[in-house]
Number of protein chains: 2
Amino acid sequence: MKPFHSYQNPSLAVDLVVFGYSKQNLSVLLLNRKEAPFKDRWVLPGAFLQMEERFKDTCSRVLKTKLGMDDVYLEQLFSFDEPDRDPRGRAISVAHYALVNPARVAIAAGSMANDVSWFNINELPALGFDHDSMFQQALQRLRSKITYFPVGFELLDDLFTMPELHELYECILDTTIDRRNFRRKILDSEYIINTGKKREGSQNRHPDLYKFNKKLKKNSFQINF
Amino acid sequence: MKPFHSYQNPSLAVDLVVFGYSKQNLSVLLLNRKEAPFKDRWVLPGAFLQMEERFKDTCSRVLKTKLGMDDVYLEQLFSFDEPDRDPRGRAISVAHYALVNPARVAIAAGSMANDVSWFNINELPALGFDHDSMFQQALQRLRSKITYFPVGFELLDDLFTMPELHELYECILDTTIDRRNFRRKILDSEYIINTGKKREGSQNRHPDLYKFNKKLKKNSFQINF
DNA sequence: TATCTTTGCGTCAAATTAACACAAAGATTA
DNA sequence: TAATCTTTGTGTTAATTTGACGCAAAGATA
């Protein structure tokens with residue numbers, strides 16, 4: 001058997017659409033490039049795959065070293081292959097998206113290099129490379145996924161209230177959803193559990209605190225909003 | 001700017017899950033390997049990416065040269081990255097799935113090398129490499145896709161009857177669907193058009209012939225069976 | 001104690017779905 | 001020619017789900 005790596009191959013990279021949710025805002029983490037190509041433009045964080053790495057390893061490396069994040073929900077999105085997508089030469093990129101609770105990476109955020117920044121998804125600058133298209137695809141996937149898989153918990157604290165979950169869905173799906181119908185559908189799906197505790201401190205009635213049901217039997221559902 | 005290809009990169013390949021539907025049978029096209037590794041085992045057709053090619057170009061090349069097929073519905077599935085997935089060395093594979101009407105590639109099928117064969121999806125041999133997993137993922141994707149996108153037409157003739165479409169759905173989804181409810185939902189979705197013609201020759205009542213509505217406004221729907 | 005806002009729970013009409021009945025069409029046969 | 005058999009097209013109905021609300025309880029403040 002002849003080993004492969006004697007042949008010439010395209011470069012292989014991963015790029016990351018890191019979503020964060022905080023204060024009724026869905027944001028994406030962008031990096032300001034300091035070198036050509038696309039110098040001074042905002043781009044998605046990414047890195048080239050090292051010979052021994054899986055995609056997730058490379059993603060974790062980027063999340064850890066560039067952004068100071070650990071243990072992040074990660075999903076492969078799509079591989080981008082346009083021959084001219086990188087002016088430096090042929091490069092394939094396997095896009096992923098990540099869901100992050102910014103509160104949990106607050107320390108990292110504080111120590112983040114000043115060339116890294118959160119942008120509200122409705123106020124994104126034009127991105128370098130083909131990263132606009134990656135972002136669009138990631139957003140579409142997130143919107144679709146959240147209607148059939150309990151993925152929102154990655155963006156919230158371990159304990160959360162019904163109004164918080166409701167606002168998250170409205171924000172991600174960019175619609176209004178009747179509060180009471182939302183409650184009914186979510187509860188019917190059985191993917192959250194009422195802890196019996198209540199969130200104190202608010203001015204009005206204290207809402208119940210829920211947690212994610214990790215023992216959910218069915219691993220998918222279908223909710224139409 | 002330093003060009004990339006001076007670095008060492010993993011090999012990059014595409015592999016293809018080619019689905020064909022014929023006589024109430026959903027099948028996959030497999031290739032019998034003539035060389036190590038996995039000599040004499042059945043595997044998915046695939047090829048290494050050439051430096052100038054897009055994934056779809058490589059797929060088309062495989063479909064054309066190995067299988068004699070043109071103009072095939074093709075969709076990127078997932079990229080497989082386990083470091084040991086190929087004993088010859090580090091190789092990434094971007095899996096795709098294709099939908100084919102075997103009747104349209106009949107000539108090709110006749111001239112097909114004898115190491116290529118259709119297998120009913122319920123009677124697959126154990127495949128080489130990580131191709132079992134690729135196949136499973138492709139089947140799952142097809143089953144999901146067919147419930148919200150008119151993808152079945154790629155597997156049927158231009159004109160088809162309601163019972164034919166019904167059988168296709170039952171076969172792919174591996175369930176029974178009430179014939180009359182199926183008809184109503186499909187017609188409500190407006191993605192097929194009654195041509196007014198009828199399929200002659202059958203013993204009993206001649207069913208109407210339908211065609212795909214290419215001017216469909218909404219580009220997706222949701223049908224639960 | 002009255003008021004204000006938020007949260008939890010319930011109601012009801014409208015829409016959708018699942019299950020099923022029945023008649024029309026076409027070939028075969030008595 | 002009429003009876004029979006099977007398949008296909010159409011319609012009906014009850015059950016379920018959904019969307020659009022009403023209302024009271026909880027908690028803070030005036």
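In what follows, chains carry the letters A, B, and so on, assigned in the order in which the sequence lines appear, proteins first and then strands, with residues in each chain numbered from 1. Since this is a predicted model, take the numbers as computed values, not measurements.
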With a 4.0 Å limit, can you tell me whether Arg183(A) has a side-chain N or O closer than that to the phosphate oxygens OP1/OP2 of dG8(C)?
yes
Nearest-nucleotide pick for Pro207(A), side chain only, options being dG11(D), dG19(D), dG8(C)
dG8(C)
DNA chain C nearest-nucleotide lookup for Asp178(B) and Gly201(B): closer to the 5′ end is Asp178(B)
With nearest nucleotides of DNA chain D determined for Asn204(B) and Asn181(A) from heavy-atom distances, which residue corresponds to the more 5′ nucleotide?
Asn204(B)
Test Phe153(B) against every option in Tyr210(B), Tyr73(B), Tyr191(B), Tyr21(B) by the ring-ring contact (aromatic ring centres under 6.0 Å, His included) rule and name the one that passes.
Tyr191(B)
Take a 6.0 Å sphere around NZ of Lys211(B) and say whether it holds more than 12 heavy atoms from other residues, nucleotides or ligands.
no
On the side chain of Arg184(A), is there an atom forming a donor-acceptor pair with the base of dG19(D) - under 3.5 Å, no angle test?
yes
On the ring face of Phe225(A), is Lys185(A) found with NZ or CZ under 6.0 Å from the centre and within 45° of the axis?
yes
Here's a test of your reading of the structure: between His206(B) and Phe225(B), which maps to the more 5' nucleotide of DNA chain C?
Phe225(B)
Give a yes or no on whether a donor-acceptor pair under 3.5 Å exists between the nucleobase atoms of dT7(C), that is its base, and the side chain of Arg205(A).
yes
By the 4.0 Å heavy-atom rule, please label Thr161(B) as base, sugar-phosphate, or nothing.
nothing
Base dA20(D) to side chain Arg179(A), donor-acceptor N/O within 3.5 Å cut-off:
no
With the side chain counted from C-beta on, respond yes when Phe212(A) and Ile193(A) share a heavy-atom pair under 4.5 Å apart, and no when they do not.
no
